Amino acid sequence: TYEVDGDTLRVTDSGAPVRYTSGDGAWVSIYLPDNVKLGTVRVSTAMGDVDIMDLAAGSLSVSSGLGDVYLSNVSAETAALNLSMGDLWAYTLDTADALTVENELGDVWMDGNFQGDTSVTMSMGSLDLGISLGMSDYSLDLEAALGDLYLDGSRQYGAVHREDGENQLTVDSAVGDVSIYFDYGY
């Protein structure tokens, strides 16, 4: 069902069990006019994939219990991406002030222009991160507890800490490899 309340669109599922016989599943598609910037976008799903393409927002929040999240050509002042079990693909993701990514179980592939504070927390899974800005633009706090850490293809031994950039990049990976590329062209 959907509801429009002033400038807010809410799309909800009743939560009742649904049976699919065709194998095609179910989906919700929301189309926006070109060049529209939304104030706040919140997407939450207990089970199922989330695809977001060509979106501009002040604030973006995506929460997924079980399923993959795909973002393509998305820009936001702030973004929070939380996955319990699933992979995250974010291509051409641009954030102006803050990006927070938390993934309990799954891999993350992201590229974009991440300004302000960027924090990625991985419990179990690998991280591949391509950043359009240079390494000198970031203060770094990077750790891969049980996994390898690579910066621009060069293996790092131990955690990496540096305090001289105007932006902050924090990565905390419990189990899994971390690869970060700066000056990444996308």
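Computed from a prediction, not measured in an experiment: that's the story for all the values here.
Heavy-atom neighbours of Arg162 CZ from other residues, nucleotides or ligands within 6.0 Å: above the threshold of 12. The environment of Asn35 atom CG is sparse: at most 12 non-hydrogen atoms of other residues, nucleotides or ligands sit within 6.0 angstrom.
Remark: Glu166 CD to Leu133 CG distance equals 8.0 Å, nearest 0.5 Å. Going from atom OG1 of Thr95 over to atom CG of Asn167 covers 9.0 Å, rounded to the nearest 0.5 Å. Atom CD of Gln168 and atom CG of Asp117 lie 6.0 Å apart (nearest 0.5 Å). Note that CE of Met122 is 6.0 Å distant from CG of Asp107, once rounded to the nearest 0.5 Å.
The minimum heavy-atom distance between Phe182 and Asp152, with the atom names listed, is N-OD1, 2.7 Å. The shortest non-hydrogen separation linking Ala145 to Ala174 is CB-O, 3.5 Å. A pairwise comparison of heavy atoms in Gly125 and Ser173 identifies O-OG, 4.2 Å as the closest pair.
Side-chain contact check for Val62 versus Ile52: some heavy-atom pair is nearer than 4.5 Å. With a 4.5 Å cut-off on side-chain heavy atoms, Thr92 and Asp111 count as touching. In this structure, Leu81 and Leu71 have side chains that are in contact, with non-hydrogen atoms separated by less than 4.5 Å. The shortest side-chain heavy-atom distance between Leu149 and Val171 does not fall under the 4.5 Å cut-off. Met110 is listed as a side-chain neighbour of Leu99, based on a closest heavy-atom distance under 4.5 Å. The closest side-chain heavy-atom distance from Ile131 to Thr118 is not below 4.5 Å. Residues Leu169 and Leu129 meet the side-chain proximity criterion, which asks for heavy atoms closer than 4.5 Å.
Screening residues 53-68 for salt bridge (Lys or Arg N to Asp or Glu O under 4.0 Å) gives no qualifying pairs among residues at least two apart or on separate chains.
Considering only residues two or more places apart in sequence or on other chains, Glu77 meets the side-chain hydrogen bond (donor to acceptor under 3.5 Å, both in side chains) condition with Lys37.
Leu140 and Tyr157 are not part of a single hydrophobic cluster, where members link through side-chain heavy atoms under 4.5 Å apart. Tyr150 and Val178 fall into different hydrophobic clusters, where Ile, Leu, Val, Met, Phe, Trp and Tyr residues are linked whenever their side-chain heavy atoms come under 4.5 Å apart, directly or through other members. Leu32 and Met53 end up in different hydrophobic clusters when Ile, Leu, Val, Met, Phe, Trp and Tyr side chains are linked at under 4.5 Å.
The aromatic rings of Tyr70 and Trp89 lie parallel to each other, with less than 30° between the two planes, well short of the 60° mark.
Hydrophobic side-chain contacts under 4.5 Å tie Met47 into a cluster, directly or through other members, with Leu66, Met85, Leu105, Met124, Leu146, Val175.
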After noting the C-alpha distance and the side-chain angles of Glu104 and Ser123, does the key distance pass the side-chain hydrogen bond (donor to acceptor under 3.5 Å, both in side chains) rule?
CA-CA 5 Å; Glu104 295 296 319; Ser123 294; 3.1 Å; yes

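Using modelled atom types, no side-chain atom of Asn82 and backbone atom of Ser63 make a donor-acceptor pair closer than 3.5 Å. With hydrogens and angles disregarded, no donor-acceptor distance shorter than 3.5 Å links the side chain of Glu143 to the backbone of Asp141.
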